[in-house]
Structures are given as structure tokens and as C-alpha cells.
There are 2 protein chains.
Amino acid sequence: MAHRPRREMIAETRGKLLAAGRKAFGTIGYAEASMDDFTAEAGLTRGALYHHFGDKKGLFAAVVSEIDAEMTKRLEDVTAQAGDSWRGFVDGCAAYIEMAVEPEIQRIVHCDGPAVLGPSWLTTSQSGCIACMTDDISRLKAEGIVRDVDPEATARLLNGASLHAAQWIAGSDDPEGTSKKAVAAFRALLDGLRVEADEHVAPAVETAASYS
Amino acid sequence: MAHRPRREMIAETRGKLLAAGRKAFGTIGYAEASMDDFTAEAGLTRGALYHHFGDKKGLFAAVVSEIDAEMTKRLEDVTAQAGDSWRGFVDGCAAYIEMAVEPEIQRIVHCDGPAVLGPSWLTTSQSGCIACMTDDISRLKAEGIVRDVDPEATARLLNGASLHAAQWIAGSDDPEGTSKKAVAAFRALLDGLRVEADEHVAPAVETAASYS
DNA sequence: TTAATTGACATACGTAGCGTATGCAACTAA
DNA sequence: TTAGTTGCATACGCTACGTATGTCAATTAA
């Protein structure tokens, strides 16, 4: 018994390393995470890690891309779940902010990620989320809902804005209140992108005034 | 001779360490920068560094706050130099993007900074620039130029958008073209914040269309 | 002027943690 | 059965950080 699963044992080892690394990176951060420690915690040694991922950075990159895939899926789900396409876009942005507030994502993807994988990684990465937002904006533009803007450029700007909003919220003493402020301001920004803001200026002003 | 300057010698040593660290951090990055190497390059040893800055992080923090002060000053200058207050604000944002494209600022402040000094640092930091932008927005709101938005929240969102725009530009194969796209999209975002965009929608659409 | 003290910086040491080289056992193939 | 490959552990060296200690110049006091 326990004899057939050869491929499975290997996949299990990979999975253990991935999980252990993800946990360590997500809590104490990349620099503080000792390979000896978290591989031992997974019942393995650094030898397995070097075999499967090459080095510490390799494991980190694998963890990041795993998380990135999860984030992309979550975003796509949220966007698809809304009937209105504009609503779907706004909800997607809100979901992105919410994800970026989560400590693990915050630490691994947005904090250590750029430093470990290099500044150039920033451009190519988050490709999933950026692509998702770019598609949304393209569609909204085609539908005549948003103004004539470059979809990718706008997606990247909004992505950056979302990120900073999340970091602001996560670092705040009053996450609740800060979150409300940030989301209200974000909606105001988004409303500015619409071709005709007539029927939307009113609610925007209303929410913007609700926290003063 | 060369006898009076006691205080001066100390300041000079501090300055040498700061400059050496800044150069190393700005080129090869924090993790790759060896204290033995760059202190030796400055004609000193690690002993001096530990004496003045406590540890490697301490020196890094000093470098970051030096750069942050410089950035704040540059931003204030740009903003003050423009006659129109709206123009001053827009110019300030553009200047922020331009600064963030510079390799040293990119690497030290936006790439390694959060990872080394911790995620929480993000909130408190960039305080100079954030405060500057917040003031601008408050003024513009009081002047009736921008809509009723929370100044600090909006400042942080725009700050994040600027940052990502800069990273996108810096990592692009075609920085010139990417920069045009990013700035055009950014102007479109800013225009959306104005109370009446009548006289500004035209040029915004014009610049937005100029790169298609 | 000299003795004492402080402070600026260098030297020496211990140690953690990464990467590589090597070893071994289990599985596969001929 | 044997030869070869693969998955992972063990052993080693090296780099680089932090601390403890030493030293010399500059200040202060007598």
C-alpha cells in the first residue's frame, strides 16, 4: 500500500513546499522567512526546495503566481456576477481593493513582490488583473458608457489607485472609516470617466457627502 | 589646520555613509548591497555605519527620508511655479510621475522601501507628497474647481495612480509612447474631478485621441 | 600643560542562512 | 537483474550581518 502514487507524492511535496512558503512569506515576510525553518515545518528540507524551485526566489515566484491566479479568478467571478456592465466594473474595483487589504496578499504580492522579483516584474505581473480590467474598460467604451480613454492605461491607473487605497485602509487605525472614505473617493474618480454623468453625479455627491 | 572641524568631520562621515548607501541601494537594491562593500567604497567600515545609523535598515530609512524630502521640495516648487492653481495641481501630478520614473527613486522609495521598512510604513510615509497633494485638492475644492471629494482620500488615490503609471512607463520598452498614453489617461481622470468639465472636455479628448 | 573622559570609528569574532556538491534510496527500463 | 534516472537529504563552504571590544583623537577639568 501507499505504493502506487509516485506522481502524487511528488505533487504533494511541491504542494507542501508551496503552502509552507506561502504561509511564511505571508506572515513574517520574504526576508525573515528562513528556508530551513519553513521546510522543516513541512516535514522536508531545503534539498527538496532547491530540487523543485531552484532557489528561494523561485519558490516565491511560484507562490506569487499562485496567488495572482486566485485573484484573477475572484475578480472575474465578481465582474461576471453583476448584471450591469458598469456595475460589474465598479464591483470588480471594489473587490480588488478588498483583496489588497488581506494581509497575505498585501505582504506577498504588493509589498515583497516588487522588491524580490525586481521592479520590471511589476509591469508584466498583475497581468491577470490588469488584463481583466482592461477588457472591462474596452467593453464599457464600446458600449458608450465611458469616455474615449486608453483602456490599458486607465486600467493601470485605476489599479494603482485601488492598491494605494487598500494600503491606506490596511495601515489605518480606523479601517472601517478609512474604507468608506476611500471607496467614496474611488467612485467619484470612476464617475468622472463616464460620458454623461447626469444621472450619476447625484448619488456620487450623496455618498461623498455621507462621511463629512 | 584641519583642526577645528570636529563637528564637521562627523557630519562628513555621516554624509559619506548616506551617499554611499544611497548609491548602492539605488543601483543594485537593498538586498544586494553589502555593507562591507559600500562603506569601504566610502573609505570607512561597518563600524561607522553602526555607530551612526544603528543597522542597515537605519541607514536605509535615513536615505529614504532624505529622498522623500527632496521629492517634496521639488513638488512644492513645481506647484508654486504655475500661476493657475488647477494647472499647478496637474503639473504637480505630472512631476510626481516623472520623479517616480527615475531609477533611484523607483528602486529605493517605491520598490525596496515598503519591503524593507514594512507595510505599515507605506501609510505614514510619502507623507510629504501626500500632504502636498492633499493641500492642493483642498484649495481647489474651496475655489470651487473640483467636486466635493475627500481631499486626502483623493490625494492617495491619485498618488497611487501616478505611481503605477510611473512603474508602467519605467518598465515599458517604449517609455516615450507609454508616457504619453499614461499622462493622457491621467489627465482624463483628473478632468473627471472638475465640477464643470465643459471647457476642458475638448482638450482632454483631443490629447486622448492623439495617440490612437 | 597634563590627566581624565568622552565619543568616533576600526577590528575581531560569532552566527545565521543561502547555495552547491555529494550521497542515497526508490522507481523505471532493458 | 542490473543500469540509469529521479526525488530528496546531508554535508560543506561562503557571504554578510550584528555585537563586543579596542584604539586613538578631541574635548574638558584641574
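Letters go in sequence order (proteins before strands), and every chain restarts at 1.
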Next on the checklist: I need the CD-C1' distance between A:E32 and C:dG17, as an integer number of Å.
Outcome noted: 12 Å
Checklist entry - When you check the gap from the basic side-chain N to the acidic O, do B:R74 and B:E102 get nearer than 4.0 Å? => result yes
Checklist entry - Roughly how many Å is it from CE in B:M9 to P in D:dC24, rounded to a whole number? => result 17 Å
Next on the checklist: Would you say the rings of A:F25 and A:F38 are close, in the sense that their centroids are separated by under 6.0 Å?
Outcome noted: yes
Next on the checklist: Measuring from atom CE of A:M133 to atom OG1 of A:T154, what distance do you get when rounded to the nearest 0.5 angstrom?
Outcome noted: 9.0 Å
Checklist entry - Which of the following nucleotides, D:dC17, C:dC9, D:dC8, is nearest to the side chain of A:H52? => result D:dC8
Checklist entry - Rounded to whole angstroms, how far apart are NZ on B:K56 and P on C:dA16? => result 19 Å
Checklist entry - Taking NZ, NE, NH1 and NH2 as the nitrogens, is one of them in A:E152 or A:R156 under 4.0 Å from a carboxylate oxygen of the other? => result yes
Next on the checklist: With salt bridge (Lys or Arg N to Asp or Glu O under 4.0 Å) as the criterion, how do B:R14 and B:E8 come out once you've worked through the C-alpha distance, each side chain's angles and the decisive distance to 0.1 Å?
Outcome noted: CA-CA 10 Å; B:R14 252 191 76 100; B:E8 289 178 20; over 6 Å; no
Checklist entry - To the nearest 0.5 Å, how far apart are OH in B:Y96 and CG in B:L158? => result 11.0 Å
Checklist entry - Rounded to whole angstrom units, what separation is found between the CD atom of A:E8 and the P atom of D:dG7? => result 15 Å
Checklist entry - Can you tell me how far P of D:dG7 sits from NZ of A:K16, to the nearest Å? => result 16 Å
Item to check | A:H51 side chain near D:dC8 phosphate (N/O to OP1/OP2, under 4.0 Å) | outcome: no
Checklist entry - Is the shortest side-chain N to carboxylate O distance from A:E143 to A:R139 below 4.0 Å? => result no
Between the protein and nucleotides 9-14 of chain D, which nitrogen or oxygen pairs are less than 3.5 angstrom apart?
unit_1 : atom_1 : unit_2 : atom_2 : d
D:dA9  : OP2    : A:T45  : N      : 3.1
D:dA9  : OP2    : A:T45  : OG1    : 2.7
D:dA9  : OP2    : A:A48  : N      : 3.4
D:dA9  : O5'    : A:T45  : OG1    : 3.3

Item to check | Minimum-distance nucleotide to B:D55 side chain [options: D:dG18, C:dC18, C:dA8] | outcome: D:dG18
Next on the checklist: Under 4.0 Å, heavy atoms only, any strand: does A:A33 hit a base, just the sugar-phosphate, or nothing?
Outcome noted: sugar-phosphate
Checklist entry - With respect to the phosphate group of C:dA8, does any side-chain polar atom (N or O) of B:T13 fall under 4.0 Å of OP1 or OP2? => result no
Next on the checklist: Without decimals, in angstroms, what is the distance between B:F60 CZ and D:dA16 P?
Outcome noted: 18 Å
Item to check | Length of the line joining B:D36:CG and D:dA16:P, which is rounded to integer Å | outcome: 7 Å
Checklist entry - Roughly how many Å is it from CG in B:L59 to P in C:dC9, rounded to a whole number? => result 14 Å
